[in-house]
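It should be emphasised that the depicted structure is a prediction, and the values quoted were computed from it without experimental measurement.
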Amino acid sequence: MAEDSKLWDVICDGPFVPTKTVGNPAVTIPKTRKEFNDADRKAIEKNFRANKILVCGIGPDEYNRISACQLAKEIWEAPQIAHEGTTQVKQSKINMLTTEYELFRMKDDESIQYMHTRFTSIINELHSLGEIIPRNKLVKKVLSVLHSS
């Protein structure tokens with residue numbers, strides 16, 4: 001479990017880069033490959049392992065998005081940005097979907113099943129973007145948009 005946690009750290013925080021302190025005043029700089037010790041090599045191995053796991057876990061369509069990425073963090077973020085967009089795009093999508101949710105109405109010639117499918121689609125998209133609406137509010141919304149017939 002600790003191994004998985006360390007790999008996840010590499011994905012979220014970026015790769016381990018061995019450093020050394022030199023000079024007066026002290027400055028931290030990256031070590032050369034010749035200066036790596038066993039602990040450095042072991043930590044760097046986690047970078048490669050995280051990359052391998054991510055690359056092996058994606059399909060051919062996604063591979064084109066990440067083929068130029070060098071770091072596990074970049075590999076992890078590339079599909080996220082492609083599918084969700086940047087933070088600003090994501091917030092815009094949330095705002096648009098929230099407005100769509102608030103204005104949601106059952107159409108005159110619409111079946112309950114089709115209305116529910118449209119409603120569920122909006123809710124699922126909001127959920128995938130991290131916006132979760134409490135179940136009781138969802139039930140109230142559905143009941144409020146139903147035709148009296």
Side-chain angles (χ1 to χ4, degrees), residues 1-107 113-145:
M1 186 63 155
E3 178 71 15
D4 294 338
S5 174
K6 289 182 178 159
L7 288 176
W8 186 244
D9 289 344
V10 168
I11 292 168
C12 291
D13 302 332
F16 171 77
V17 178
T19 59
K20 64 181 179 180
T21 306
V22 295
N24 191 9
V27 177
T28 302
I29 62 169
K31 290 181 180 178
T32 64
R33 292 181 61 77
K34 291 178 182 178
E35 296 173 310
F36 291 173
N37 59 32
D38 288 341
D40 293 336
R41 292 184 195 289
K42 197 171 185 177
I44 289 172
E45 181 64 32
K46 291 189 187 337
N47 300 338
F48 294 120
R49 196 170 308 136
N51 283 10
K52 181 180 175 185
I53 288 169
L54 290 172
V55 170
C56 289
I58 62 167
D61 295 335
E62 292 296 321
Y63 183 77
N64 290 333
R65 292 188 210 282
I66 61 99
S67 61
C69 298
Q70 297 292 314
L71 309 175
K73 183 176 178 73
E74 292 173 338
I75 294 170
W76 181 254
E77 291 172 348
Q80 280 184 310
I81 291 171
H83 293 285
E84 292 180 3
T86 62
T87 305
Q88 291 173 327
V89 172
K90 185 177 174 180
Q91 190 57 52
S92 293
K93 287 180 183 178
I94 290 170
N95 292 342
M96 181 192 69
L97 289 165
T98 300
T99 301
E100 199 173 333
Y101 166 79
E102 290 168 353
L103 299 175
F104 186 85
R105 297 287 178 259
M106 184 176 183
K107 297 175 183 172
Q113 282 182 320
Y114 187 75
M115 184 265 320
H116 184 265
T117 301
R118 282 192 314 117
F119 186 75
T120 303
S121 176
I122 294 167
I123 300 309
N124 287 346
E125 284 187 65
L126 280 168
H127 187 79
S128 73
L129 294 169
E131 265 318 283
I132 300 168
I133 300 171
R135 190 163 189 78
N136 62 336
K137 284 189 177 187
L138 296 176
V139 171
K140 284 180 186 177
K141 181 66 175 179
V142 169
L143 292 175
S144 73
V145 301

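To the nearest 0.5 angstrom, L71 atom CG is 9.5 Å from E77 atom CD. A distance of 11.5 Å separates NZ of K46 from CD1 of I44, quoted to the nearest 0.5 Å. We find the CH2-SG distance between W76 and C69 to be 13.5 Å, quoted to the nearest 0.5 Å. Taking CD from Q91 and CG from L129, the interatomic distance works out to 9.5 Å, rounded to the nearest 0.5 Å. Remark: K90 NZ to S128 OG distance equals 8.5 Å, nearest 0.5 Å. A distance of 11.0 Å separates CD1 of I53 from CD1 of I75, quoted to the nearest 0.5 Å.
When side chains are defined from C-beta on, K93 counts as touching V89, because their heavy atoms get closer than 4.5 Å. With contacts defined as side-chain heavy-atom distances shorter than 4.5 Å, the pair M115/V145 qualifies. Residues K20 and I29 are in side-chain contact: their nearest non-hydrogen atoms beyond the backbone lie under 4.5 Å apart.
In this structure a side-chain-to-backbone donor-acceptor pair under 3.5 Å is missing from N124 to S121. A donor-acceptor pair under 3.5 Å links the side-chain atoms of T117 to the main chain of Q113, judged by distance alone. Side-chain N or O atoms of R118 include none that pairs as donor or acceptor with a backbone N or O of M106 at under 3.5 Å. With hydrogens and angles disregarded, a donor-acceptor distance shorter than 3.5 Å links the side chain of K141 to the backbone of E102. For K73 (side chain) and I11 (main-chain N/O), no donor-acceptor pair under 3.5 Å exists by modelled atom type. Judged purely by atom type and a 3.5 angstrom limit, N47 uses its side chain to pair as donor or acceptor with the backbone of F16.
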inquiry  = Could you walk me through whether K31 and D40 satisfy the side chain to side chain contact (heavy atoms under 4.5 Å, CB included) test, starting with their C-alpha distance in whole Å, then the side-chain angles of each, then the deciding distance to 0.1 Å, before giving a yes or no?
reply    = CA-CA 10 Å; K31 290 181 180 178; D40 293 336; 2.7 Å; yes

query = Hey, mind stepping through R65 and E62 against salt bridge (Lys or Arg N to Asp or Glu O under 4.0 Å) and telling me if it holds?
reply = CA-CA 5 Å; R65 292 188 210 282; E62 292 296 321; 3.1 Å; yes

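Nearest heavy-atom pair across A72 and L54 is O-CD1, 3.4 Å. Of all heavy-atom pairs between L97 and I122, the closest is O-CG2, 3.8 Å. When all heavy atoms of A50 and L7 are compared, the pair lying nearest together is N-CD2, 3.9 Å. Shortest non-hydrogen contact noted between Q70 and N51 is O-ND2, 2.9 Å.
Taking the six-membered ring where the residue is Trp, F119 and Y101 present tilted rings, their angle falling between 30° and 60°.
The number of heavy-atom neighbours closer than 6.0 Å to CZ of F48, taken from other residues, nucleotides and ligands shown, is 12 or below. Summarising the local packing, CG of D38 is surrounded by 12 or fewer heavy atoms from other residues, nucleotides or ligands at distances under 6.0 Å.
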